[in-house]
Amino acid sequence: MSPAYAELPALRLAYRAWGPPDGRPVLWLPGASSDGTTFEQVAALLPVRSYALDPRGYFASDRAAAYGPETTRDDVIAFLDALGIDRAVLAGHSAGGVAAWRTALAHPDRIEAVILEETPPPVPHALHPRRPEGDPGYDWAARLATLAVVNDPPEAWWDDLSRIAVPALVLAGGPESHLDQDAIRRMAAAIPGSSFVSVGGGHACHRARPAPFAAAVRDFLHV
C-alpha cells in the first residue's frame, strides 16, 4: 500500500490509513526497523480509523537532523494538528511504544489512551543490533539515537510512569520475546490503572498473533 503524506512544520511524514474515515482515530508507531505496513493485518480486525506512521528517518518519511523518542513525540502532535485530529489513541510497538508513552505523559489533552506492545521498560538494556549490509531503507542514525535512549534511559523515566494520566494497555509477547517479561509486568504495574495482557507470539505479537492482539485492543477500547 502506497503511503499518504502529512506536511509537518519541519518535515514530511508518511502514513497509511485503514478503516472508516469517521471512526475513532488510533495512531500506530512501528518498531525501529518496520514501517507502517506492519499494522495492516491488525488494523483490518479493528472497527477504528487506523493511521500507521513511518517515523522521521524511516522508509517513506523524510530524514532529519535529530531523532529519538522526544522528536517522535513532537511529530505525533504535529501529525494530529496536520490532519485536524483533536484527540487519538496512540499505540506503539517496541521503540515506538517508548515514544508513545512519552507522548501520552506530555500531552494527555491530545492522547486519550495509550497501547504499549512489547515496549522496553525504562531500565538499562543491552540491545545492539547489527547494521544491515547495504541500504536498510532508513537512516541508521535514527535507530542508533533510539537505541541510545532504550539502552540507557534517564533515571527519572521510571518514576514518570506513575504520572501517566490516560488509560494504558500493556501487551507482552511472552517467553518467545527477547525482552524481560517480568520487567514489562513491573512497568505495567507502575502505570496507574493500566491493563496487562500477555498475547504471546514473541516480540512482534501483533504480526504473530493478530487475532488475540486485536481482541485485547478491542476489549481495552470497548469497540
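Under the 3.5 Å distance criterion, the side-chain polar atoms of Arg24 are matched with a main-chain donor or acceptor of Leu221. No donor-acceptor pair closer than 3.5 Å links the side chain of His107 to the backbone N or O of Leu105. Distance alone, capped at 3.5 Å, is enough to place a donor-acceptor pair between the Thr71 side chain and the Gly68 backbone. Using a distance-only test at 3.5 Å, with no hydrogens or angles considered, a donor-acceptor pair links the side chain of Glu118 to the main chain of Gly173. With His93 contributing its side chain and His203 its backbone, the two residues share a donor-acceptor pair below 3.5 Å. A donor-acceptor distance shorter than 3.5 angstrom exists from the side chain of Arg49 to the backbone of Gly19, with no hydrogens or angles considered. The backbone N or O of Pro3 lies less than 3.5 Å from no partner atom in the side chain of Tyr15, so there is not a single donor-acceptor pair. Checked by atom type and distance alone, the side chain of Arg218 never pairs as donor or acceptor with a backbone atom of Leu46 at under 3.5 Å. A donor-acceptor pair under 3.5 Å links the side-chain atoms of Thr146 to the main chain of Ala142, judged by distance alone. When atom types are taken as modelled, the side chain of Arg186 and the backbone of Pro121 share no donor-acceptor pair closer than 3.5 angstrom.
Shortest non-hydrogen contact noted between Ala32 and Arg143 is CB-NE, 3.7 Å. Between Ser61 and Ala14 the shortest heavy-atom distance is OG-N, 2.8 Å. Taking both residues in full, the closest heavy atoms of Glu7 and Ala82 are given as O-CB, 4.1 Å, listed atom of the first, atom of the second, then distance. Minimum heavy-atom separation, His125 to Val123: CD2-O, 2.8 Å. Shortest non-hydrogen contact noted between Leu45 and Pro210 is CD1-O, 3.6 Å. The two residues Ile184 and Ala172 make their nearest non-hydrogen contact at CG2-CB, 4.2 Å.
From Leu80, atom CG reaches atom CG of Asp86 across 8.5 Å, with rounding to the nearest 0.5 Å. Taken from CD in Glu70 to OG1 in Thr103, the straight-line distance is 8.0 Å, to the nearest 0.5 Å. Atom NE2 of residue His178 and atom OG of residue Ser94 lie 6.0 Å apart, to the nearest 0.5 angstrom. A distance of 12.0 Å separates CG of Leu171 from CZ of Arg209, quoted to the nearest 0.5 Å. The line from CD of Gln41 to CH2 of Trp18 is 11.0 Å long, rounded to the nearest 0.5 Å. Interatomic distance, Ser195 OG to Asp219 CG, rounded to the nearest 0.5 Å: 9.5 Å.
You'll find the side chain of Pro30 reaches within 4.5 Å of the side chain of Phe39, heavy atoms only. For the pair Glu117/Val199, no side-chain contact is recorded, criterion being any heavy-atom separation below 4.5 Å from C-beta on. The closest side-chain heavy-atom distance from Tyr5 to Leu13 is not below 4.5 Å. For the pair Leu161 and Pro122, the minimum side-chain heavy-atom distance is below 4.5 Å. Side-chain contact between Val170 and Thr119 is absent, with no heavy-atom pair separated by less than 4.5 Å. At a threshold of 4.5 Å between non-hydrogen side-chain atoms, the residues Val217 and Val223 do not count as touching. The shortest side-chain heavy-atom distance between Pro120 and Val98 falls under the 4.5 Å cut-off.
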| message | One pair to check against side-chain contact (heavy atoms from CB on, under 4.5 Å): Val26 and Tyr51. What are the steps and the verdict? | response | CA-CA 6 Å; Val26 178; Tyr51 299 91; over 6 Å; no
| query | After noting the C-alpha distance and the side-chain angles of Asp81 and Arg110, does the key distance pass the side-chain contact (heavy atoms from CB on, under 4.5 Å) rule? | reply | CA-CA 10 Å; Asp81 290 342; Arg110 305 298 301 276; 2.9 Å; yes
| request: Show your working on side-chain contact (heavy atoms from CB on, under 4.5 Å) between Val166 and Glu112 and close with a plain yes or no. | output: CA-CA 6 Å; Val166 302; Glu112 65 169 286; over 6 Å; no
| field | Verdict with reasoning, Asp139 to Arg56, per salt bridge (charged side-chain N to carboxylate O under 4.0 Å, His left out) | value | CA-CA 9 Å; Asp139 190 342; Arg56 64 165 61 197; over 6 Å; no
| request: Please test Val89 against Ile115 for side-chain contact (heavy atoms from CB on, under 4.5 Å), starting from the C-alpha separation and ending with a verdict. | output: CA-CA 8 Å; Val89 175; Ile115 299 169; 4.0 Å; yes
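Taking a cutoff of 4.0 Å between a charged side-chain nitrogen and a carboxylate oxygen, Arg12 and Asp54 do not qualify as a salt bridge. In this structure, Glu40 does not pair ionically with Arg16, as no charged nitrogen and carboxylate oxygen lie closer than 4.0 Å.
Connection of Phe59 to Trp28 is not established within any shared hydrophobic cluster, with ILVMFWY side chains joined at heavy-atom distances below 4.5 Å, either directly or through further cluster members. Connection of Tyr67 to Val150 is not established within any shared hydrophobic cluster, with ILVMFWY side chains joined at heavy-atom distances below 4.5 Å, either directly or through further cluster members. The cluster map of Ile, Leu, Val, Met, Phe, Trp and Tyr, joined by side-chain heavy atoms under 4.5 Å apart, puts Met187 and Leu179 in the same cluster. Cluster annotation: Tyr138 and Leu144 are assigned to the same hydrophobic cluster (Ile/Leu/Val/Met/Phe/Trp/Tyr, side-chain heavy-atom contacts under 4.5 Å, transitive). Criterion: ILVMFWY side-chain heavy atoms under 4.5 Å apart, direct or through other members. Under it, Ile164 and Val149 are part of a common hydrophobic cluster.
Here the options are Thr72, Leu29, Asp35, Asp75, the test is side-chain contact (heavy atoms from CB on, under 4.5 Å), and the partner is Leu53; only Leu29 passes.
Within a 6.0 Å sphere centred on CD of Glu155, other residues, nucleotides and ligands contribute 12 heavy atoms or fewer. No more than 12 heavy atoms of other residues, nucleotides or ligands lie within 6.0 Å of CZ in Arg207, so this atom counts as exposed by the packing criterion.
Residues that satisfy the salt bridge (Lys or Arg N to Asp or Glu O under 4.0 Å) test with Asp74, not counting sequence neighbours, are absent from this structure.
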